[in-house]
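FYI, side chains are in, hydrogens and waters are out, and symmetry mates aren't considered; it's all heavy atoms of this structure.
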Amino acid sequence: MDRLIDRVRQAASQRSESPRGFAARLPAEVLEQLHETRRQFQSGELNVSALWLADQLVAMLQADGHPVCGRQGMRQWLARKD
């Protein structure tokens, strides 16, 4: 029987994920708007919770047909400082 760690390492070596995640798949204009939304959220200009904003962004981007992460991924993205 293969060891669990060996199977995990094998799976990790075959992984082909973009280093920027969902953002790499968005059109430049949408990504720019998303960055502006994050900037306003982080500066306090948008007085909403991170979870609410993440839910809204995911729903709106999906409704517009854009491939996007889920709620937790968007919440983590909103907290990033890059």
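- Annotation for P67 and L26: closest pair O-CD2, 3.9 Å, computed over non-hydrogen atoms.
- Between Q42 and T37, every side-chain heavy-atom pair lies at or beyond the 4.5 Å cut-off.
- Pairs of residues two or more places apart, or lying in two chains, that qualify as side-chain hydrogen bond (donor to acceptor under 3.5 Å, both in side chains) and include a residue from residues 48-66 are D55-R71.
- Summarising the geometry, atom CG belonging to L78 is positioned 5.0 Å from atom CG belonging to L53; distances are rounded to the nearest 0.5 Å.
- To the nearest 0.5 Å, atom CD of residue E32 and atom CD of residue E29 are 7.5 Å apart.
- Within a 6.0 Å radius of CD in E36, other residues, nucleotides and ligands contribute more than 12 heavy atoms.
- R3 and I5 make their closest contact through NH2-CG2, 3.0 Å (heavy atoms, listed as atom of the first residue, atom of the second, distance).
- If you chain together hydrophobic residues whose side chains sit under 4.5 Å apart, V48 and L57 fall into the same group.
- Using a 4.5 Å cut-off on side-chain heavy atoms (C-beta onward), L34 and F22 make contact.
- The minimum heavy-atom distance linking G73 with C69 is given by the pair C-SG, 3.6 Å.
- Taking the charged nitrogens against the carboxylate oxygens, D82 and R38 do have a contact shorter than 4.0 Å, which makes a salt bridge.
- In this structure the side chain of Q10 never reaches within 4.5 angstrom of the side chain of D6, judged on heavy atoms.
- Listed by chain and residue number, R39, Q40, S43 satisfy the side chain to side chain contact (heavy atoms under 4.5 Å, CB included) test with E45 (two or more places apart in sequence, or in another chain).
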